[in-house]
Amino acid sequence: MDGFVFPRWANSLRPALLVLLIGVPLYVIVMFAYGASPRTTDVGYAPKQPVPYSHALHAGELGIDCRYCHTAVEVAANATIPPTQTCMNCHANIRRGSEKLTPVRERFYDTEAAAGMPLEWIRVHDLPDYVYFNHSAHVRRGVGCVSCHGRVDKMEVVYQAEPLSMGWCLDCHRNPEPHLRPLDKITDMSWQPADSAEGHRLAEQYNIHPSTDCNTCHR
């Protein structure tokens with residue numbers, strides 16, 4: 001007996017065993033991190049709303065400005081959800097009998113079925129409670145709606161187009177120039193810069209120096 005417990009050919013398995021011992025845990029960690037990331041869990045989130053409202057029709061085909069419904073986006077932290085009255089400004093005369101608009105009419109006319117309660121829209125872009133975000137601070141400094149919300153004017157059903165994670169926000173704060181546009185183009189989803197230097201010019205014009213300190217968003 002030569003003193004070996006295992007046959008000599010077992011030595012050739014040691015590199016493979018080493019790869020397994022290191023590779024399998026690393027694979028599990030990477031897959032878990034990817035599977036639990038906002039890009040995996042949140043991007044594409046498109047809840048069913050109480051009324052099948054088409055942004056592709058209203059914001060796209062009809063060209064209604066975002067600010068007609070989201071009235072506070074330039075002056076407040078929240079963009080605000082439009083009240084039923086805003087819908088009825090048009091639909092009191094347009095498609096008055098549409099079955100899809102029944103929940104809107106019920107709440108507007110204070111029927112017993114709805115008891116005058118507002119529509120319960122489901123928030124699509126919902127940041128954690130420990131994150132502070134101010135729409136007006138971005139919109140009034142040249143960051144367009146499309147940078148965070150995507151081409152809403154082409155969405156039949158609105159979905160979350162970006163991860164809205166801390167890393168994603170920091171990427172923009174560290175390099176805001178690609179996201180800057182003239183203030184009169186804030187809601188223009190199809191706007192494109194005239195040249196590659198436009199973002200730099202706008203950053204100087206608006207004096208853009210975004211903070212990356214923790215207390216900027218975590219207050």
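- Here the closest heavy-atom approach between residue S211 and residue D213 is recorded as OG-N, 3.1 Å.
- If you chain together ILVMFWY residues whose side-chain heavy atoms come under 4.5 Å of each other, V157 ends up in a group of its own.
- Note on ring orientation: taking the six-membered ring where Trp is involved, the planes of Y53 and W121 are perpendicular (angle over 60°, cut-offs 30° and 60°).
- Q192 CD to E198 CD: the interatomic distance, rounded to the nearest 0.5 Å, is 10.5 Å.
- Of the inter-residue distances, the one linking D153 atom CG with L57 atom CG reads 12.0 Å to the nearest 0.5 angstrom.
- Tested against Y45, the residues I122, V158, D126 include a single side chain to side chain contact (heavy atoms under 4.5 Å, CB included) partner, I122.
- The aromatic rings of H149 and H125 sit perpendicular, their planes meeting at an angle over 60°, well past the 30° parallel limit.
- With values rounded to the nearest 0.5 angstrom, E74 atom CD is found 10.0 Å from C66 atom SG.
- Using a 4.5 Å cut-off on side-chain heavy atoms (C-beta onward), P176 and P210 make contact.
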Query raised in the report: What do the steps show when you test S136 against N134 for side chain to side chain donor-acceptor pair (under 3.5 Å), and what is the final call?
Result: CA-CA 6 Å; S136 66; N134 189 311; 2.5 Å; yes
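- Considering all non-hydrogen atoms of both residues, R181 and K185 come closest at NH1-O, 2.9 Å.
- Residues C169 and L164 are not in side-chain contact: their nearest non-hydrogen atoms beyond the backbone lie 4.5 Å or more apart.
- Of the possible donor and acceptor atoms, one in the side chain of T102 sits under 3.5 Å from a partner among the backbone N and O of E99.
- Closest approach of G150 to M155, counting heavy atoms only: C-CE, 4.3 Å.
- For the residue pair C145 and T187, the shortest heavy atom distance occurs at SG-CG2, 4.0 Å.
- Put simply, the side chain of T71 does not reach to within 4.5 Å of the side chain of P82, judged on heavy atoms.
- Within the 4.5 Å cutoff, side-chain heavy atoms of C148 are placed close to those of W168.
- No donor-acceptor pair under 3.5 Å is formed between the side chain of H179 and the backbone N or O of S147.
- Although no hydrogens or angles enter the test, the distance criterion places a donor-acceptor pair under 3.5 Å between the side chain of R96 and the main chain of A92.
- Between atom CG of residue L127 and atom CG of residue D42 there is a gap of 10.0 Å, rounded to the nearest 0.5 Å.
- Among residue pairs with one or both ends in residues 81-92, those qualifying as side chain to side chain donor-acceptor pair (under 3.5 Å) are Y68-N89, Q85-N89; sequence neighbours excluded.
- The NE2 atom of H58 lies 14.0 Å from the CG atom of D65; values are rounded to the nearest 0.5 Å.
- In terms of the ring pair (Phe, Tyr, Trp, His ring centres under 6.0 Å) criterion, residue partners of H218 (sequence neighbours excluded) are, by chain and number, Y130.
- There is no path of hydrophobic side-chain contacts, each under 4.5 Å, that joins M189 to I186.
- Here the closest heavy-atom approach between residue C87 and residue V104 is recorded as CB-CG1, 3.9 Å.
- With rounding to the nearest 0.5 Å, the separation of CE in M88 from CD1 in I94 is 11.0 Å.
- Between R95 and C90, every side-chain heavy-atom pair lies at or beyond the 4.5 Å cut-off.
- For CZ of R141, the number of neighbouring non-hydrogen atoms (other residues, nucleotides, ligands) closer than 6.0 Å is greater than 12.
- A side-chain N or O of H209 and one of N207 form a donor-acceptor pair less than 3.5 Å apart.
- Side-chain atoms of N78 do not come within 3.5 Å of backbone N or O of T80 as any donor-acceptor pair.
- Within the 4.5 Å cutoff, the side chain of Y159 has no heavy atoms near those of the P47 side chain.
- For the pair G97 and R105, the tightest heavy-atom approach, listed with the atom from each and the gap, is C-NH1, 3.8 Å.
- Within the 4.5 Å cutoff, the side chain of V146 has no heavy atoms near those of the V152 side chain.
- When side chains are defined from C-beta on, V124 counts as touching Q49, because their heavy atoms get closer than 4.5 Å.
- Using modelled atom types, one side-chain atom of H135 and one backbone atom of A77 make a donor-acceptor pair closer than 3.5 Å.
- Placement of L183 and I208 within a single hydrophobic cluster is found when ILVMFWY residues are connected by side-chain heavy-atom separations under 4.5 Å, directly or transitively.
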